[in-house]
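For the numbers below, each heavy atom of this structure counts, side chains included, while hydrogens, waters and symmetry mates do not. Letters go in sequence order (proteins before strands), and every chain restarts at 1.
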Amino acid sequence: TQLLEQSPQFLSIQEGENLTVYCNSSSVFSSLQWYRQEPGEGPVLLVTVVTGGEVKKLKRLTFQFGDARKDSSLHITAAQPGDTGLYLCAGVQAGTALIFGKGTTLSVSS
Amino acid sequence: DSGVTQTPKHLITATGQRVTLRCSPRSGDLSVYWYQQSLDQGLQFLIQYYNGEERAKGNILERFSAQQFPDLHSELNLSSLELGDSALYFCASNPSGGAFYEQYFGPGTRLTVT
């Protein structure tokens with residue numbers, strides 16, 4: 001059983017569209033991180049959210065941590081081909097190592 | 001470039017064999033993490049070392065072992081390899097060893113077991 005469920009698994013959209021990907025769990029996390037991974041490379045951290053209800057913005061990306069700290073979402077406005085990649089959420093429980101979801105593969109075509 | 005290096009980039013070997021993957025963390029980082037990424041399981045934490053000592057263990061098989069040397073580089077040893085061990089293996093590093101803090105990932109080693 002995957003501790004962190006990400007949806008959708010795959011997303012293929014046109015440039016300029018908006019999208020939201022979700023990261024859900026039945027467990028509480030002390031913090032949650034979002035990474036982006038491109039083919040042939042390791043994941044790169046985008047953001048860390050810590051407080052329930054927290055919203056963070058990174059240019060066209062908006063990250064939200066659920067009030068109960070069990071879920072998170074990533075919203076991309078006006079997607080661009082450069083946003084293509086695998087988006088991974090990762091939870092931290094009581095200082096232990098990161099627990100990753102399986103990811104959402106995003107493809108943005110021009 | 002994250003500053004984390006991994007060698008080799010690709011490795012092809014046969015079932016039953018043993019291989020060693022090497023990781024050099026970013027300069028100044030004391031903690032090294034090893035992960036396995038496969039299509040069906042995603043990115044799975046294997047083991048963490050901090051300043052030469054094992055700090056945390058995840059889903060690491062008994063056939064796998066790791067160590068961190070005094071110069072802080074780390075090696076992951078995989079033995080009695082099975083087809084199912086084919087995967088991408090990543091190492092990551094950070095300065096403090098706390099999972100909360102950003103981990104910097106290397107480019108990975110792609111292992112193919114035939």
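Rounding to the nearest 0.5 angstrom, the gap separating the CD atom in A:Glu41 from the CZ atom in B:Phe105 is 13.0 Å. In this structure, the separation between CG on A:Leu4 and CG on B:Leu43 is 12.0 Å, given to the nearest 0.5 Å.
A:Lys102 places no side-chain N or O within donor-acceptor distance of the main-chain N or O of B:Gln41, the cut-off being under 3.5 Å.
Clustering ILVMFWY residues whenever any of their side-chain heavy atoms sit less than 4.5 angstrom apart, transitively, puts B:Phe90 in a cluster other than the one holding B:Leu81. At a threshold of 4.5 Å between side-chain heavy atoms, the hydrophobic network of Ile, Leu, Val, Met, Phe, Trp and Tyr places A:Leu106 and A:Leu58 in one connected group. Residue A:Val49 is grouped with residue A:Val21 when hydrophobic side chains (ILVMFWY) are merged at heavy-atom distances under 4.5 angstrom, including chains of intermediate members. With hydrophobic clusters built from ILVMFWY side chains whose heavy atoms lie under 4.5 angstrom apart, B:Leu46 does not share a cluster with A:Ile99. Hydrophobic clustering keeps B:Tyr35 apart from B:Val4 (ILVMFWY residues linked when any side-chain heavy atoms are closer than 4.5 Å, directly or through intermediates).
When B:Gln37, B:Lys9, B:Gln6 are compared by the number of non-hydrogen pairs under 4.5 Å with chain A, B:Gln37 comes out ahead. No other option in A:Gly42, A:Gly103, A:Pro43 has as many heavy-atom pairs under 4.5 Å with chain B as A:Pro43.
With a 4.5 angstrom heavy-atom cutoff, A:Val44 does not touch chain B via any of its atoms. Heavy-atom distances place the side chain of A:Leu86, and not its backbone, under 4.5 Å from chain B. For a residue to count as touching a neighbouring chain, one of its non-hydrogen atoms must lie under 4.5 Å from one of that chain's; by this rule B:Tyr104 does not touch chain A.
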Practice prompt. Starting from the C-alpha separation in whole Å, work towards a yes-or-no answer on side chain to side chain contact (heavy atoms under 4.5 Å, CB included) for B:Gln103 and A:Leu45.
Written response: CA-CA 7 Å; B:Gln103 295 182 25; A:Leu45 181 68; over 6 Å; no

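Within 6.0 Å of CG in B:Leu83 there are more than 12 heavy atoms belonging to other residues, nucleotides or ligands. In this structure, B:Arg110 places its CZ atom where only 12 or fewer heavy-atom neighbours from other residues, nucleotides or ligands lie under 6.0 Å away.
Sorted by first and then second residue, the salt bridge (charged side-chain N to carboxylate O under 4.0 Å, His left out) pairs with a member in residues 48-61 of chain B form an empty list; sequence neighbours excluded.
With 3.5 Å as the limit, one finds no donor-acceptor pair spanning the side chains of A:Gln33 and B:Glu102.
In this structure, the ring of B:Phe45 has its center no less than 6.0 angstrom from the ring center of A:Phe100.
Chain A is approached within less than 4.5 Å, heavy atom to heavy atom, by no residue from residues 62-71 of chain B.
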